[in-house]
Amino acid sequence: MPNSFISEPILPMEASFDTGGMARCEPGLPQKFRWRKKEFIVAEVLERWKEHGDCRHGSGERYVRKHGYRVRTTDATVMNLYFQRSQGRGKLPRFRWWIQSVEDCAEVIPRAK
């Protein structure tokens with residue numbers, strides 16, 4: 001199914017992080033989050049992936065840059081979410097959790113005004 005590219009930050013809801021992921025040294029996927037003034041609850045993780053990048057200091061080492069998740073929410077929306085580990089040279093990004101895309105569905109959530 002085609003995706004609608006979004007690339008907007010999401011706001012994880014407090015105390016909703018997956019502690020099992022954190023036990024595996026992964027970011028804790030928020031089980032609840034807010035996007036465009038609507039709250040979503042993750043019902044199922046459909047897929048996980050990691051994006052790697054070379055060390056920026058030339059050492060030849062590779063590091064995980066992003067953790068990605070394809071999820072289905074309780075309202076049946078399928079989304080690709082990702083966690084951005086850094087913004088280069090150890091800088092933490094202002095937002096760490098992002099919605100990359102939403103699989104096309106009958107209703108797309110309108111952009112906040």
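Note that these values count all heavy atoms, side chains included, but never hydrogens, waters or copies made by symmetry.
Between T74 atom OG1 and I41 atom CD1 the span is 4.5 Å, to the nearest 0.5 Å. In this structure, H67 NE2 and R65 CZ are separated by 11.5 Å, a value rounded to the nearest 0.5 Å. Here the straight-line distance linking atom CD of Q100 with atom CZ of F5 works out to 6.5 Å at 0.5 Å rounding. To the nearest 0.5 angstrom, I99 atom CD1 is 4.5 Å from W35 atom CH2. Rounded to the nearest 0.5 angstrom, R70 CZ and E103 CD are separated by 4.0 Å. Atom CD in E8 sits 4.0 Å away from atom CZ in R36 (nearest 0.5 Å).
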Item to complete: Begin with the C-alpha distance, continue with both residues' side-chain angles, and end with the deciding distance and a verdict on side-chain contact (heavy atoms from CB on, under 4.5 Å) for I6 and W98.
Response: CA-CA 9 Å; I6 305 294; W98 293 78; over 6 Å; no
Worksheet item: Can you list the steps and then say if K38 with D75 is a side-chain contact (heavy atoms from CB on, under 4.5 Å)?
Response: CA-CA 12 Å; K38 182 176 177 185; D75 69 354; 3.1 Å; yes
Discussion item. Using the rule given for side-chain contact (heavy atoms from CB on, under 4.5 Å), can you reason through L81 versus F33, listing the C-alpha separation, both sets of side-chain angles and the distance that settles it, and then say yes or no?
Written reply: CA-CA 11 Å; L81 307 177; F33 61 92; 3.9 Å; yes
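Residues passing the salt bridge (Lys or Arg N to Asp or Glu O under 4.0 Å) test with E14: none are found, sequence neighbours excluded. For S101, the side chain to side chain contact (heavy atoms under 4.5 Å, CB included) partners are N3, N80, not counting sequence neighbours. Checked against side chain to side chain contact (heavy atoms under 4.5 Å, CB included), P12 has the following partners two or more places apart in sequence or in another chain: F17, P30, W97. A search for side chain to side chain contact (heavy atoms under 4.5 Å, CB included) contacts involving L11 returns R34, not counting sequence neighbours. For K66, the side chain to side chain contact (heavy atoms under 4.5 Å, CB included) partners at least two apart in sequence or on another chain are E51, Y82.
Panel note: side chain Q31, backbone L29; a donor-acceptor pair is recorded below 3.5 Å.
In the hydrophobic cluster analysis, where Ile, Leu, Val, Met, Phe, Trp and Tyr join through side-chain heavy atoms closer than 4.5 angstrom, V102 is grouped together with V45.
When all heavy atoms of V78 and L46 are compared, the pair lying nearest together is CG1-CD1, 4.0 Å.
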